[in-house]
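These notes are about the structure you will find just below.
Numbered from 1 within each chain, the chains take letters A, B, ... in sequence-line order.
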Amino acid sequence: MPTPRAPATPLWRHPLARPVAALALLLIVAAVFVPGFLHLEIKDGHLYGSLVDILHRAAPLMLAALGMTLVIATRGIDVSVGAVVAIAGTVGCVLVGSHGLAIAFAAALGAALLCGLWNGLLVSALGLQPIIATLILMVAGRGLAQLLTDGQIITVYEPASFFWLGGGYLLGLPVSLFVVATVGGLTALLMKRTALGLFIQTVGINPVAARLAGVRTAAIVFFVYVYCSLGAGLAGLMISSNIKSADANNAGLLLELDAILAVTLGGGQLSGGKFSLAGSLIGALIIQTLTSTIYAMGVPPQVTMVVKAVVVFAVCISQSSAWSTWRKA
Amino acid sequence: MKRLLAAPSFTSWVSVVLMAGLFGAGAASYTGFASTQVVLNLLIDNAFLLVIAVGMSFVILSGGIDLSVGSVLALTTMVAAWLLQVAHWPAELVIAVVLLGGAAFGALQGMVIHVFKLQAFIVTLAGMFLARGLCFLISVDSITIDAPLFVTLSQTQIPLFAGAFLSPGALIAVVVLGAGLWIAHCTAFGRTVYALGGSEASALMMGLAVGRTKVAVYGLSGFCASLAGLLFAFYMLSGYGQHAQGVELDAIAAVVIGGTVLTGGYGYVAGALSGVLVLGLIQTLIAFDGTLSSWWTKIVIGALLFVFCAVQRLLSLKKAAG
Amino acid sequence: APLVMGFSQVGAESEWRTANTASVKAAAKEAGITLKFADAQQKQENQVKAIRSYIAQKVDVIAFSPVVESGWDTVLKEAKAAGIPVILTDRAVKVADPSLYVTFIGSDFVEEGRKAGKWVLERAAKAPGGALNIVELQGTVGSAPAIDRKKGFEEVIKANAKLQIIRSQSGEFTRAKGKEVMESFLKQRDKKIDILFAHNDDMAIGAIQAIEEAGLKPGQDIAIVSIDGVRGAFEAMKAGKLNVTVECNPLLGPQLMQLAKDIVAKKPVEKRITVTEGVYTADVAAKELPNRKY
Amino acid sequence: MNLPITSTPVLALSGIHKGFPGVKALSDVSLRLFPGEVHALMGQNGAGKSTLIKVLTGLYQPDAGAVTLDGKAIAPKRTEDAQDLGIRTVYQEVNLCPNLSVAENICAGRFPRKSWLNGGRIDWAAVNAEARRVLAQMDLDIDVSAPLSRYSLSVQQMVAIARALRISARVLILDEPTSSLDDAAVQRLFTVLRRLRDQGLAILFVTHFLDQTYALADRITVMRNGETEGEYLASELSRLALVNKMVGAPPDQQPTRLDSRASQTGAPVLSAQGLGRRGALHPLDLQLKRGEVLGLAGLLGSGRTEAARLLFGADAADAGHVDMHGRTRRWHSPREAIAAGIAFCSEDRKHEGAILELSVRDNILLALQARHGLRLVMSFDEQQALADDYIQRLGIKTPSADTPIGQLSGGNQQKALLARWLATKPAVLILDEPTRGIDVRAKEDLMDQVRALAHGEAGMAIVFISSELPEVLHCSDRLLVLRDRRAAGEYRRGELDERSVLEVIAAESA
Ligand SMILES: Nc1ncnc2c1ncn2[C@@H]1O[C@H](COP(=O)(O)OP(=O)(O)OP(=O)(O)O)[C@@H](O)[C@H]1O
Ligand SMILES: Nc1ncnc2c1ncn2[C@@H]1O[C@H](COP(=O)(O)OP(=O)(O)OP(=O)(O)O)[C@@H](O)[C@H]1O
Ligand SMILES: [Mg+2]
Ligand SMILES: [Mg+2]
């Protein structure tokens, strides 16, 4: 949405200030406790280091979070993201060897599109509650993907160009980052240069008023689910390109939860309405930084979850407005 | 008929009819399906889910959500097992402690949600990580429970008629359901929960006890989760950090299938029963079929879920139009 | 009437598991046994439900691969009361009364860990110089294979003080997580990594990619040992990227069916039946690869 | 009737300050409430009346200042606290739960219970009886067990009042309770209020209707721009003086009235043929010509809103159709009606109008943009200019066009929503209670604007619905009276006076 050009509020009041601060704090903690965490070097002609890893690993999550942001902005939720990741990755891997890159990508995104259309249909035409509508695909989706592979992990050996999306480098940086930047940029442009952002928020805040004002509420809702699935499809291709295989049962497992978490950490409200694409991207980075830091610090696996929980609590509470008033009092 | 159609509980009735249809289909296709014990097994096997779903109903009716229930269940089994097997506490005390602990865990989440004005989703998601993580801090391995009380409760069969039986766990679940119904419809707390779901801002302006109710709702859900944990412990006789993975989604699905609206305010606690039974029936159907591969199992569950929800929705729409 | 067997599988979480299921299904067909198959999607409660439904259907014999070891007493008692014999496959259970099941056929995870440890021990004996640093990719936290394989491995390598596990993190049995965790290990530049022990082949395959991307040679710069022996592992060994895999044989279908027939025919069977499992190193990989069925 | 001023006030506020980011809503406000009086709080839109009330009831915490009840300082933190202290409030917007039944909305918080012997559960029979009893005071006989959302806004407003009346209290606060009530309902409410006053209750009453103020109030406090302008005895303050104190300008001449000539009405733009919907409106014929204002008059629930909604396609008609520019149309959604040039400003601004969290600019732009589709209708600067233009023309009091509309006072929200529809330059404009919650001055401006829009070059055809008969009579060129959800008569301007219309409206249905 067009933001006011002359922000009367100081910089630290900016809605993104707190997520950014949380991210910075995490990085500082990591840098202090893990020697060389911030170290970057050039290896094989590209940047190499934990920071690059974080960006690289967060890419699929960022794609999923972008879509989830819009879905949540319309008061919806999409729990089928992980399943769509599995479907798209599988379709891509099954076809890429025999039919070539272009067809495999088109088919994978086509499959994701179908998933989105299905979700959109259930939510906007049939009027099912979003969580149930998408739960159906969440349950069945992995089954469909496994059906394609007969339960096997499909390993891709050829063509090498397939590995470029999830493992290649461009200008010294992972290709996946450029993909996220492009998708994110295009989405932001779509939101700013068209009325889509306005409509999405309107539908999320007050669907009744939106309808009376002449907004095509059903079409908007339909769109966000399709968009979200497409993003998930791209993420699926990225993940399977990265590990050079499709694992229908495990690819993108619980990605939907992380995506929702990313959106909320970035300041999005699950009750719909105002959204921030940049905030969600930062939210995704917070999650990945946390995971990477935990790995790097050598936290024992059985403690990992507790650490994660505590950090999420801390980040949320520090971001709440009640906290600031509380502290002052 | 007309009155039935006009009743606000129409959606719930649709569920019951559809469920009967589903059962009929099973009875027609598979031998041994149409037996009393199969029906009772639905209740026995899903007792813990029913208890969680009752707690979840309140949370969802109040316009919130609680993702931590599955983990709290696991934590309860773990703590109970540890206290019984390692610390050798008496079983009655252990039961009291874990129930209180679960309620406190839930209430604490409610407090964080209320005081810091945070979203329930994110707080309970963190609660989910926390509870699951605490399990592994106690032990990564499973702990077998052999306390006599638990073993007895686990293996008692309450005979009904013609050889059919019910487990104590199932009985407890039914009692919890009854209590839930009573609380929702006959107490001020229950009505405030509905009011919160209808419009929290209005409830606040109407001078209702918004904060207290919110904390209590999550406390209740935590209590139900730990009670479900006990039922689970009776059922499995073990404490384990991986128990009941993803049960929160099952519970939410059950509540929503039972006709409660996820955004709060509309629905019935009784719906939880029909939701749980539908999910259970779908699984029983698949187990009786016994020819589906792992992936077809998922697809068929999804498809049945879809058919059920779509039919339910279309019938409700038709009623709204007519 | 043909024999009816109810079989409750854990899920389809890995290639190994899928091979296991396929073997059981094929063997049942071969043996003329009617198979009632149920997938529990990794949930114990679902397995209990399935077993109860088998009891209600009055099958002749019940077999299942338990998700967890504990918590089976009640339902197995019900099966016993209904007079249905129970066979455990793949994983054992802890029950107070061992007569609740007739026999257990499957691998021993602790033994697998030991085998992996022995290979490392031998390598350490040959290697000159000081300490050898090991990193470990664990399976899903709390799962039986992860706990047991770790236990067996640690038990054996204790014998040599040169061997040290410097890092251990869960890779959740998947390629993607295995790769991510390995990437993180490789970024720690304080200690050189000599050996990687992965709780399954999938994580090892993911880790191999991470090692290559870090500019190192898997199998040479870092020795890799993993467990399962799936086809992908043999391919990696053939390419010289994986040093050894400890087989965990999923193909126990034929043995299971034979057992079922014996039990129904009231023939005596042993309480514990192990499946034949080998340890395959890179040098035999090329020869062995065409024989792999999974 | 006035109590001597020497008696001590029940409730006193002094030196209240309250600021929101960027706005100073209240500065140094004082107010005294005496037992047994009706105290009117008057002021223009955005003067700070509602904010003051919210401070009083603990919904907002004042930045500075003191509130005393019976001489003791109180600091309510929640409405709950205020309620326990005996302060009952009806807020400006209907703040009830749409999902609960009418009876529950009235009794929630203090349900009649069965005895402990019977389990102490809520006594539903008593709840319903109690609700019926309170509503009966206002002559409202509805099914109290039906959910609140089933009823129109005016009924909901009565329910909100009933809720406040149910429990005896020390202080009763009513923030524009009559904004969508018809005359009869207002009279019944007043009867109740007078009785309560005579019982010693202190009543604080906010309204924009001068008639009502003088009919009821003993004392008047005037607020202007977030400050107390002064406190007066109603009997000593003339209407003109009151208006001047509110507006803060020297006495103006009577605002220029438009000529009462019957306007040049042109070709029919929109007509309805047998338009109806089961249970809501009997088939209705109606014609609307270019450049005319058609007033719809009727009692609560007479079907005016429903008629408007059907014309606009907000509800699907199950009988009849509309003719727009000579073409027969059946609306499937408001979109089609908007595309054809119809605009509809709903009576329920909170639920059907305002997008509370969006800026005033976006709210104004919404309908225009929606008609255009996804391509932006205009550049950001032009949007800003358009919004600023309407803010200025309609006198919307807002810090900037970027302020979320939810932070505006009720009346100003209403104006912004009117701007939304004016921006679409419709051929037909349907206004359902557009004067709701607008102050005296703004109301006159609005009515002048309405007539200007119709009679000026734009030549808009306007449907004007208001529960205020004088307004309807003043505005309309033609008047359609509805009764019991069907047309009861149609009159040209000047054919009828207020009295006779009232007779038609209230006539016993056959
Ligand atoms: N929550 C809020 N945030 C920011 N500003 C607010 C908020 N509530 C009210 N205001 C501002 O405070 C001022 C006073 O508003 P208030 O609602 O008290 O006016 P009012 O006198 O009740 O007007 P009306 O007659 O239109 O209801 C307005 O300028 C309004 O914009
Ligand atoms: N007093 C009432 N009793 C019962 N139902 C009512 C009453 N008032 C309104 N309604 C409901 O409102 C619907 C139509 O009223 P509508 O809102 O069109 O009337 P209106 O003339 O605009 O009156 P209002 O002043 O209430 O807005 C009816 O279908 C009816 O269900
Ligand atoms: Mg106001
Ligand atoms: Mg009306």
What part of [X] gets within 4.5 angstrom of chain C, counting heavy atoms only: side chain, backbone, both, or neither?
X: B/Ser167; answer: neither
X: B/Ile301; answer: side chain
X: B/Asp146; answer: neither
X: B/Ser142; answer: both

Query raised in the report: Around C/Trp16, counting heavy atoms of other residues, nucleotides and ligands shown, do more than 12 lie under 6.0 Å from its CH2?
Result: yes
Query raised in the report: Under 6.0 Å from the CD atom of C/Glu155, do we count more than 12 heavy atoms belonging to anything else shown?
Result: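 Enclosed.
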Query raised in the report: Of all of B/Ile145, B/Asp141, B/Ile44, which one pairs up most often with chain C through heavy atoms under 4.5 Å apart?
Result: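 Heavy-atom pairs under 4.5 Å are most numerous for B/Asp141.
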Query raised in the report: Under a 4.5 Å heavy-atom cutoff, which of B/Phe288, B/Phe136, B/Trp296 has the most pairs with chain C?
Result: B/Phe288
Requested in this report: Please answer whether the main-chain N or O of B/Thr291 pairs with a side-chain N or O of C/Lys36 as donor and acceptor at a distance below 3.5 Å.
Outcome: no
Query - Close approach to chain C in residues 227-249 of chain B, criterion heavy atom under 4.5 Å - result: B/Phe232, B/Phe234, B/Tyr235, B/Met236, B/Leu237, B/Ser238, B/Tyr240, B/Gln242, B/His243, B/Ala244, B/Gln245, B/Gly246, B/Val247
Could you state the interatomic distance from [atom1] ([X]) to [atom2] ([Y]), rounded to the nearest 0.5 Å?
X: B/Trp295; Y: C/Thr18; atom1: CH2; atom2: OG1; result: 5.0 Å
X: B/Ser294; Y: C/Gln41; atom1: OG; atom2: CD; result: 7.5 Å
X: B/Ser154; Y: C/Asp73; atom1: OG; atom2: CG; result: 7.0 Å
X: B/Leu73; Y: C/Glu45; atom1: CG; atom2: CD; result: 8.5 Å

Requested in this report: Pull out the residues in residues 47-68 of chain C that come under 4.5 Å of chain B, heavy atom to heavy atom, sorted by number.
Outcome: C/Val48, C/Lys49, C/Ala50, C/Arg52, C/Ser53, C/Tyr54, C/Ala56, C/Gln57, C/Val68
Query - Taking every non-hydrogen atom, the tightest pair across C/Ile147 and B/Val140 - result: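 Taking C/Ile147 first and B/Val140 second, the nearest heavy atoms are CD1-O, 3.7 Å.
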Query raised in the report: Which residue out of C/Ala146, C/Ala40, C/Gly142, C/Ala96 racks up the most heavy-atom pairs below 4.5 Å with chain B?
Result: C/Gly142
Query raised in the report: With a 4.5 angstrom heavy-atom cut-off, which part of C/Gln42 approaches chain B: side chain, backbone, both or neither?
Result: neither
Query - Charged N-O contact under 4.0 Å between C/Lys43 and B/Asp250 - result: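 Yes, this pair counts.
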